[in-house]
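Note sheet for the following structure.
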There are 2 protein chains.
Amino acid sequence: MAGPVQHAQMRASNLALVLRAIADAGTITRVQTATATGLTKSSISGLVTDLVTAGLVEETEAVPGRAGDRGRPSAMIALHRGGAAGLGLELNVDYLAALMVDLGGTVRYRHVVTRDNRGRPPVEVLEELGRLAQEAVTAAAEQGLTLAGACVAVPGAADGTTISRAPNLGWADVPVELPLPRTAYGLAIENEANLAALGELWFGAQVPRDFVHVSGEIGIGAGIVVDGELFRGAHARAGELGHVVVDPAGPPCSCGGRGCLERLAGLDAILAAAGVDSRGELERRCAAGEPTALGAVADAGRLVGVALSSATNLLDPDAVVLGGVFAALAPWLAPAVADSLAAHAVGPELLVSSLGADAAVRGAAGSVIRRVIDDPATFLSAQG
Amino acid sequence: MAGPVQHAQMRASNLALVLRAIADAGTITRVQTATATGLTKSSISGLVTDLVTAGLVEETEAVPGRAGDRGRPSAMIALHRGGAAGLGLELNVDYLAALMVDLGGTVRYRHVVTRDNRGRPPVEVLEELGRLAQEAVTAAAEQGLTLAGACVAVPGAADGTTISRAPNLGWADVPVELPLPRTAYGLAIENEANLAALGELWFGAQVPRDFVHVSGEIGIGAGIVVDGELFRGAHARAGELGHVVVDPAGPPCSCGGRGCLERLAGLDAILAAAGVDSRGELERRCAAGEPTALGAVADAGRLVGVALSSATNLLDPDAVVLGGVFAALAPWLAPAVADSLAAHAVGPELLVSSLGADAAVRGAAGSVIRRVIDDPATFLSAQG
DNA sequence: CACTAATAGTTCACAACCTGAACGAAATAC
DNA sequence: GTATTTCGTTCAGGTTGTGAACTATTAGTG
């Protein structure tokens, strides 16, 4: 599976193990770290020293100690929140965003520019995103943070550092290069629905380690998280919830099939059924208790529930999370989803996203932090 | 994620790496192993020595060499097929089976006893399975093979070494203990559909590393293989293809839902639609071109295709494999499955199981071999 | 206030393992 | 017969985790 295990890999693994133990605990002593990881005190000593000199971990002054107990008081260690930071960028249909989080997951910078990017030349949009990124880099420097890497969320599929296709933007095979300084982990590009799911995992409230995150927009996509990891499938095309068939006799879909969820319960379908032409108007009418609007949303909810019951039967998650437009419509949508989900599948909890539109950028920034925690050795060697 | 990496783990990892390289190559020299694994000649030397003394690897006399080239001829090493063996057992509704494979994947022993186990007391059935196992153990000894472990395939869910529920047998919470000698890996129990998928992966013809294997019987289950590993989900309940909804307005299912695939395309449903009362008779009528039977099978195939298209959209596999009864009915079923699959999803190849009813036992036996290859260190230390 | 007990963290000799270079082995080429 | 080439082993050297000894620091005890 993996490559050869040499001494360097051994060290790298153990550094990651210790850093993760520290991250999970928040604040912890060296001895506690030793018992948590299974390594000895001596090893922890050296590993922690390395992490401290790299600026990833710091000794906190606040020593709550084991008050009332004898013995030398323990030095508490924790992630160094002033050390590394991850830059998340988002290139979406109607906005650009940059967001930076520190090692502890705190948002240190946020800038969103709303503008319709359809029809704009890719180069121009990427240049604007580059300027946003540079402003974020400047802000990082001002705060004394070391940028560990960057990740761009895009509404489509990515392959390496190119956007292979982004249908809603009308883009295909657009290489992404941004004026960023050299960082330990470089630049990554990832689908926006996947990153939103990860954002929910890392920053959302009460989200388990196995769930399906539904990004309801004009299209319907899902990010599948299995045991805290993104599930991508063999060709990185997993999670196409929008084309799960909910009615074999239903209307034809642009994908060539019939009765796809997206065709019947995507935003366009809901708006049409409700007889309105904007998302804001739909929400207003729902809030006002307008029956046609409520009915349209409930109908969509039932179908979403059917699709999610299939997903549940196949993937066996702990929970299903409604995100995107579905999160905004949750007060009227969720009950119908819950009903039809409960009728067809056992088990999964139904949750509503707590992050709103920021989910994907936060997931992007978080993915950088995640890499630092999972592979601190690369960060150390990049520091020199 | 993993535990601490000590010297022993480093060794264990590298032993596995080398053994896998040898297994993948079939026959290979030490130098080739070094380049394949990324370890140095010196390391390979010691690692191979350990594997040879444990009896997992042997030096083959046949030295094809790089004929016509200068230099010392290379000694070829390969898996020692007379060394370790894995015992697969199957406890199913209408038969019991024992099957043994050696390290190279060759079947060294096979014994199937056909008998309806419904209504029999679990103790009695387990005793009979125990006798089958003992006969296999004797056969292993006679062939000079060292039993590395055993795995039992059951038609239901397993938890540790107990069958937590097996609806088609009417069993629940039955602990499984078999009179087996002490082995390196002990006894494992796993769902039959999952093992059938693994059997297909390891022993089937031309099966990719990402696929969904459909076990069509009275119930319909699926084994999901992702990157060569079984996908179990958060509660080991993944792959419930039988309860994917293919018609929200369909008839109620025993699970409480409506329009589940199993209710509409399970063996019982097909037999009812075809107006016959046995699987054999159904196959005869299909072979004879009887329109009602062919229609019933084709209808079921279309629904299976719909469910599989949903699975494909969610899981993004390379292929979909028809197994169990569906494999037997493939000549008449597969075209309908292929049509509806192609209409609703892009990509997956449609394959038919080549192993028949042996898939699960072979998967069970193979899972033991797999453990030997993945973790030879445990085998070494068990050998003493 | 000294002394003991207890706990945290560091240091250092030691062992396990991989590496790299040197070496021995076995064949072909001239 | 000698040089060349390739394979595999051996051994010194380096990196890393371990375990015991040691230092550091505090609370209790008389």
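Both backbone and side-chain heavy atoms feed into the values below; hydrogens, waters and symmetry mates do not.
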Measure the distance from CE on B:Met76 to C1' on D:dG8 and round it to the nearest whole Å.
14 Å
Picking from C:dC17, C:dG9, D:dT9, which would you name as closest to the side chain of B:Lys41?
D:dT9
Within 45 degrees of the ring normal and closer than 6.0 Å to the centroid, is that where the cationic atom of B:Arg362 sits relative to B:Phe203?
yes
CG of A:Leu51 versus P of C:dG9: gap in Å, rounded?
15 Å
Are A:His235 and B:Asp318 close enough that a side-chain donor and a side-chain acceptor fall under 3.5 Å?
yes
Short question: side chain of B:Thr37, backbone of B:Thr33 - any donor-acceptor pair under 3.5 Å?
yes
B:Ser42 side chain near C:dG20 phosphate (N/O to OP1/OP2, under 4.0 Å):
no
Quick one: B:Arg72 CZ to D:dG8 C1', roughly how many Å, whole number?
4 Å
Tell me the interatomic distance from B:Asp50, atom CG, to C:dC17, atom C1', rounded to whole angstroms.
11 Å
The side chain of A:Met10 is closest to which nucleotide in this list: C:dA8, D:dG17, C:dT28?
D:dG17
Does B:Thr29 have a side-chain nitrogen or oxygen under 4.0 Å from the phosphate oxygens OP1 or OP2 of D:dC7?
no
Taking for each residue the nucleotide of DNA chain C bearing the nearest heavy atom, is the 5' side occupied by B:Ser43 or by A:Gln32?
A:Gln32
Pair B:Phe379-B:Thr146, side chain to side chain contact (heavy atoms under 4.5 Å, CB included): steps then yes or no
CA-CA 10 Å; B:Phe379 187 80; B:Thr146 307; 4.3 Å; yes
A:Gln6 or A:Arg30, whichever maps to the more 5' nucleotide of DNA chain C:
A:Arg30
Considering only heavy side-chain atoms of B:Pro73, the closest of D:dA21, C:dA26, D:dC7 is C:dA26
Using a heavy-atom cut-off of 4.0 Å across all strands, would you classify B:Ile44 as base, sugar-phosphate, or nothing?
nothing
Can you check the A:Leu39 CG to D:dT15 C1' distance for me, whole Å?
15 Å
So, OP1 or OP2 of C:dT19: does either fall under 4.0 Å of a side-chain N or O from B:Thr40?
yes
Figure out the CD/P separation between B:Glu59 and D:dC7, and round it to whole Å.
14 Å
Quick one: A:Leu15 CG to D:dT15 C1', roughly how many Å, whole number?
13 Å
A:Arg70 side chain: which of D:dT26, C:dA8, D:dT5 is closest?
D:dT26
Report yes if a donor N or O on one partner sits less than 3.5 Å from an acceptor N or O on the other, where the partners are the side chain of A:His7 and the base of D:dT15; otherwise report no.
yes
Look at B:Asn14 and C:dC17 and indicate whether a side-chain polar atom (N or O) is within less than 4.0 Å of OP1 or OP2.
no
Is there a donor-acceptor pair closer than 3.5 Å between any side-chain N or O of A:Tyr185 and the backbone N or O of A:Asp375?
yes
Any side-chain N or O of A:Arg11 less than 4.0 Å from the OP1 or OP2 oxygen of D:dG17?
yes
